[in-house]
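From a predicted model like this one, the values you see are computed outputs, not experimental measurements. Note: hydrogens, waters and symmetry copies are ignored here, and every other heavy atom, side chains too, is used. In what follows, chains are A, B, ... by sequence order, proteins preceding strands, each numbered from 1.
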Amino acid sequence: MTIRTRFAPSPTGYLHIGGARTALYSWLFARKHQGRFILRIEDTDLERSTPESVAAILEGMAFLNLDYDEGPFYQTERFDRYREVLSELIAHGHAYYCTCTKAELEERRAAQMARKEKPRYDRRCREAGHGPSPEAVVRFKNPLSGEVVVDDAVKGRVVFRNDELDDLIIARSDGTPTYNFTVVVDDMDMGITHVIRGDDHLNNTPRQINMLRALDARPPAYAHIPMILGEDGARLSKRHGAVSVMQYRDEGYLPEALINYLMRLGWAHGDQEIFTRAEMIALFDLKDVHAAAAAINPKKLLWLNQHYIKTLPAADIAERLRPFLAERGADLTAGPALTDVVLALQERAKTLIEMAEHALFFYRQEVAIGDPKNQAILASAPRAALEALAAAFTAQPAWTRETVHATLEAVAEGQGLTFGKLAQPVRIAVTGTSISPPIDVTCALLGRERCVTRLKSAAAPR
RNA sequence: GCUCCCUUCGUCUAGUGGCCUAGGACGCUGGCCUCUCACGCCGGUAACAGGGGUUCGAAUCCCCUAGGGAGCGCCA
């Protein structure tokens, strides 16, 4: 049997990291078993679904490199099929028309709550034999007795009693189908073998299984993965900062880091922290998914991002860095090869934004020393030392890291300074900041001409 | 309120009855390295929610309590 999994987001917002993890686990499971991964857009809520959200979801999946074998399918394009299954259900006595109004239902719900009962439909129309009408909804006739057992891959065996369940609405009065019904029809039609989704759906599962049975379909296997909590342990929301996958991208996070982080959040393989895609596919197993909700830890994500910035090929990082540099007005043709700059910066940036900012002075005509602290450091070196260095640089035959280093050492000695006492003011002079790669590397990369110009300008009286 | 789920360091987790005076990672922190910032290396900090059982032995099995979460929509 071919394993078939699906990711079924509703396009009512961006792709957030909880959804991304659900998608990742479904993708991994399919890949591990040489199965098929299907993307389905659950857009039956015409009110809240937007094309922008669809685009955001697709974009997020692409960024994370989660490719799908089938889809994206849109539920709004399958309304004929839902109608067909709906009439089948009605014809076989598994569903019925209900004419109770929203106001009536509301009232009964309130009364049940007041009586400390679980609010649910009282099945008043179940045997009434109503026919179709403009106000009528269609309800599924849930079994009245017995129980439904969900053998969940992460939660274990969960038993629901049918008398706890009510007759849910599967088609609205305007004829459109509802979520719990479309999901059943789609999972059945698309031959989904493993439903991997958030555990907020665990309570829906017995009703879906009952519908599947009414349709003579074999229920898939289920795996309900816990939700992701914010840093404070509360439910994830906008106020927790970056929760959108695209926002992480914009903040300079690598998909490798995000995927690794999400993978490891609520799942473990012993003490291993870093996983390649191939390892993830090979090692992933639903049974190792932790059953409890996990809080997001932004610092650890940052650490992982740094790890991948550090270890991925410099040329690769350079390509990803380009847009961040362009955004900051850097002219990449007026400076050293970007890959060389990345090589120098790779161990000193946690995000691409940070790297772009630290790379900027390589691609600017001039630097400004705005910070008073930096001006003070610059002033700590005798003007003559900077001038001597500029002269020595000019006279120096070859321009490499080694020769630059030797010149710096010679000038420092000549001026009666330690290497460090000269290096830091020089750093301020040529980069405009107190932070950069080693000064010899920085100068070598920046080029003789710019170094000399900046040294002279820093030495000039103001 | 009812039903369902969950509970190991601050956080993510290892642990499936003895290897646990509970391991790793992030964070925080002391030190080393050092021209800045980083990287790297060495060390420290900190947890089995509580209570009852079962057992020679429990973080691991059972029960209860407490706490957290989800669902109970003509939302998905």
Side-chain angles (χ1 to χ4, degrees), chain A residues 8-12 42-45 47-49 75 98 100-102 105-106 109 112-121 135-139 150 152 154-156 158-161 164-166 168-180 182-183 198-206 224 226-227 229 231 233-235 261 264-274 290-304 306 310 345-350 358 377 405 408 412 418-428 431 433-440 442:
Chain A
S10 66
T12 52
E42 309 218 321
D43 54 354
T44 52
D45 185 349
E47 301 283 311
R48 296 195 302 151
S49 297
Q75 294 192 317
C98 166
C100 298
T101 65
K102 280 187 194 181
L105 295 171
E106 198 66 43
R109 243 195 302 273
Q112 284 169 325
M113 292 280 252
R115 272 180 269 127
K116 297 186 193 299
E117 286 170 18
K118 183 174 179 170
R120 51 193 163 170
Y121 179 59
E135 317 78 55
V137 299
V138 179
R139 285 182 185 274
V150 180
D152 195 271
V154 344
K155 302 285 186 181
V158 185
V159 181
F160 295 88
R161 286 168 33 174
E164 283 292 334
L165 275 24
D166 66 356
L168 70 155
I169 291 173
I170 56 179
R172 306 181 179 93
S173 47
D174 66 2
T176 57
T178 60
Y179 165 75
N180 274 297
T182 56
V183 76
D199 67 2
D200 47 336
H201 289 290
L202 184 55
N203 286 297
N204 288 328
T205 308
H224 287 94
M227 47 189 290
L229 272 20
E231 215 178 338
R235 188 172 189 158
Y261 181 73
R264 192 61 187 61
L265 187 64
W267 177 90
H269 180 254
D271 289 339
Q272 190 172 346
E273 296 287 348
I274 307 292
H290 201 83
I296 191 168
N297 181 350
K299 292 250 182 74
K300 189 158 184 178
L301 206 209
L302 207 52
W303 171 75
L304 271 166
Q306 183 176 31
K310 218 157 54 186
L345 255 20
Q346 244 172 335
E347 284 187 345
R348 26 183 66 80
K350 288 184 165 68
H358 287 158
I377 294 171
H405 193 88
L408 275 159
T418 61
F419 190 91
K421 282 290 177 196
L422 179 62
Q424 197 58 358
V426 169
R427 174 171 284 113
I428 305 287
T431 73
T433 73
S434 60
I435 298 169
S436 88
I439 192 62
D440 48 1
T442 302

Margin query: On the side chain of R120(A), is there an atom forming a donor-acceptor pair with the base of C72(B) - under 3.5 Å, no angle test?
Written below: no
Margin query: Under 4.0 Å, counting only non-hydrogen atoms across every strand here, what does V158(A) touch: a base, just sugar-phosphate, or nothing?
Written below: sugar-phosphate
Next item on the list: Find the distance H201(A):NE2 to C72(B):P and express it as a whole number of Å.
Entry: 10 Å
Check: So which nucleotide from A76(B), C26(B), G40(B) ends up closest to the side chain of K310(A)?
Finding: G40(B)
Next item on the list: Please test T431(A) against S436(A) for side chain to side chain donor-acceptor pair (under 3.5 Å), starting from the C-alpha separation and ending with a verdict.
Entry: CA-CA 7 Å; T431(A) 73; S436(A) 88; 5.2 Å; no
Next item on the list: Go through T205(A) and H224(A) one step at a time and tell me if the side chain to side chain donor-acceptor pair (under 3.5 Å) criterion holds.
Entry: CA-CA 10 Å; T205(A) 308; H224(A) 287 94; 3.1 Å; yes
Next item on the list: Among the candidates A14(B), G27(B), C72(B), find the nucleotide nearest to the side-chain atoms of P119(A).
Entry: C72(B)
Item checked: Among G1(B), G27(B), A76(B), the one nearest K118(A) by side-chain distance -> G1(B)
Check: Side chain of K299(A): nearest nucleotide among G1(B), C2(B), G27(B)?
Finding: G27(B)
Next item on the list: Using the C1' atom as the reference point in each nucleotide, state the distance between G52(B) and G15(B) in Å, no decimals.
Entry: 24 Å
Next item on the list: Grab the CH2-P distance between W303(A) and G24(B) for me, whole Å please.
Entry: 14 Å
Item checked: N/O (side chain, T44(A)) to phosphate O (OP1/OP2, A76(B)) under 4.0 Å -> yes
Note to self: If I take atom CG in residue L345(A) and atom C1' in nucleotide A38(B), what distance separates them, rounded to the nearest angstrom?
What the structure shows: 10 Å
Notebook entry, point to check: Counting side-chain heavy atoms from CB outward, which of G24(B), C12(B), U11(B) is closest to L265(A)?
Noted result: C12(B)
Next item on the list: Tell me which of M227(A) and V159(A) sits closer to the 5' end of RNA chain B, going by the nucleotide each one is nearest to.
Entry: V159(A)
Margin query: When you measure from the side chain of R139(A) to the backbone of I170(A), do you find a donor-acceptor pair of N or O atoms at a distance under 3.5 Å?
Written below: no
Margin query: Go nucleotide by nucleotide along RNA chain B from the 5' end; which of T178(A) and D271(A) gets its closest nucleotide reached first?
Written below: D271(A)
Item checked: Rounded distance (nearest 0.5 Å) linking atom CD of Q424(A) with atom OG1 of T418(A) -> 11.0 Å
Margin query: Assess, by modelled atom type and distance only, whether the side chains of T176(A) and D174(A) contain a donor and an acceptor separated by less than 3.5 Å.
Written below: yes
Note to self: Starting the side chain at C-beta, find the nucleotide from C4(B), A76(B), G1(B) nearest to N204(A).
What the structure shows: A76(B)
Note to self: Within the 4.0 Å heavy-atom criterion, would you say G266(A) contacts the bases, only the backbone, or no part of the nucleic acid?
What the structure shows: sugar-phosphate
Next item on the list: Return the nucleotide paired to C9(B): Watson-Crick means purine N1 to pyrimidine N3 with N6-O4 or O6-N4, wobble means G-U with N1-O2 and O6-N3, both under 3.5 Å.
Entry: none
Item checked: Closest to side chain of P438(A), choosing from U36(B), C6(B), C12(B) -> U36(B)
Margin query: Say we look at G51(B) and A58(B): how far apart would their P atoms be, to the nearest angstrom?
Written below: 14 Å
Next item on the list: Please state whether the phosphate of C39(B), meaning OP1 or OP2, lies under 4.0 angstrom from any side-chain nitrogen or oxygen of Q306(A).
Entry: yes
Item checked: Sugar-phosphate only, base, or nothing, as touched by P437(A) at under 4.0 Å among non-hydrogen atoms -> base
Notebook entry, point to check: Out of G1(B), A76(B), G10(B), which nucleotide sits closest to the side chain of N297(A)?
Noted result: G10(B)
Check: Please give, in whole Å, the distance from C72(B) P to Y179(A) OH?
Finding: 11 Å
Margin query: Any donor-acceptor pair, under 3.5 Å, between the side chain of Q272(A) and the base of G24(B), if you only look at N and O atoms?
Written below: no
Notebook entry, point to check: When all nucleic acid strands are considered with a 4.0 Å heavy-atom cut-off, which category describes E42(A): base, sugar-phosphate, or nothing?
Noted result: sugar-phosphate
Margin query: Taking only the C1' atom of each, what is the distance from G18(B) to G27(B) in whole angstrom?
Written below: 34 Å
Next item on the list: Considering only atom C1', compute the distance from C56(B) to G44(B) and round it to an integer number of Å.
Entry: 37 Å
Notebook entry, point to check: What interatomic distance, in whole Å, is found between C1' of G50(B) and the corresponding atom of G68(B)?
Noted result: 15 Å
Notebook entry, point to check: Does R109(A) put a side-chain nitrogen or oxygen below 4.0 Å from OP1 or OP2 of G73(B)?
Noted result: yes
Notebook entry, point to check: For atom P, what is the distance between U60(B) and U54(B), given to the nearest Å?
Noted result: 15 Å
Item checked: Which nucleotide in C35(B), C12(B), C6(B) has an atom nearest any side-chain atom of D440(A) -> C35(B)
Next item on the list: Please give the nucleotide sitting opposite C32(B) as a Watson-Crick or G-U wobble pair, both distances under 3.5 Å, or none.
Entry: G40(B)
Item checked: Between C1' of G71(B) and CD of E117(A), the distance in whole Å -> 17 Å
Note to self: What I'd like to find out is whether the side chain of Q112(A) reaches to under 4.5 Å of the side chain of K118(A), using heavy atoms alone.
What the structure shows: no
Notebook entry, point to check: How far, in whole Å, is C4(B) from G40(B) if one measures between their C1' atoms?
Noted result: 49 Å
Next item on the list: Report which part of the nucleic acid D174(A) touches: base, sugar-phosphate, or nothing (heavy-atom distance under 4.0 Å, all strands).
Entry: nothing
Next item on the list: Sticking with atom C1', work out how far U21(B) lies from A46(B), rounded to a whole angstrom.
Entry: 16 Å
Notebook entry, point to check: Shortest non-hydrogen contact from L168(A) to N180(A)?
Noted result: CD1-CB, 3.4 Å
Checklist line | L202(A) side-chain proximity, nearest of U36(B), C4(B), G71(B) | finding: C4(B)
Item checked: S173(A) (side chain) donor-acceptor with V137(A) (main chain) under 3.5 angstrom -> no
Notebook entry, point to check: Atom CD of E273(A) to atom P of G23(B): distance rounded to whole Å?
Noted result: 16 Å
Next item on the list: Let me know the distance between CZ of R348(A) and P of A38(B), rounded to the nearest Å.
Entry: 10 Å
Next item on the list: Can you tell me the pairing partner of G73(B) across any strand shown, Watson-Crick or G-U wobble, with both distances under 3.5 angstrom?
Entry: none
Checklist line | Interatomic spacing from NZ in K300(A) to CZ in R264(A) - rounded to 0.5 Å | finding: 5.0 Å
Item checked: H290(A) side chain near A14(B) phosphate (N/O to OP1/OP2, under 4.0 Å) -> yes
Checklist line | Whole-Å distance separating the NE2 atom of H224(A) from the P atom of G71(B) | finding: 12 Å
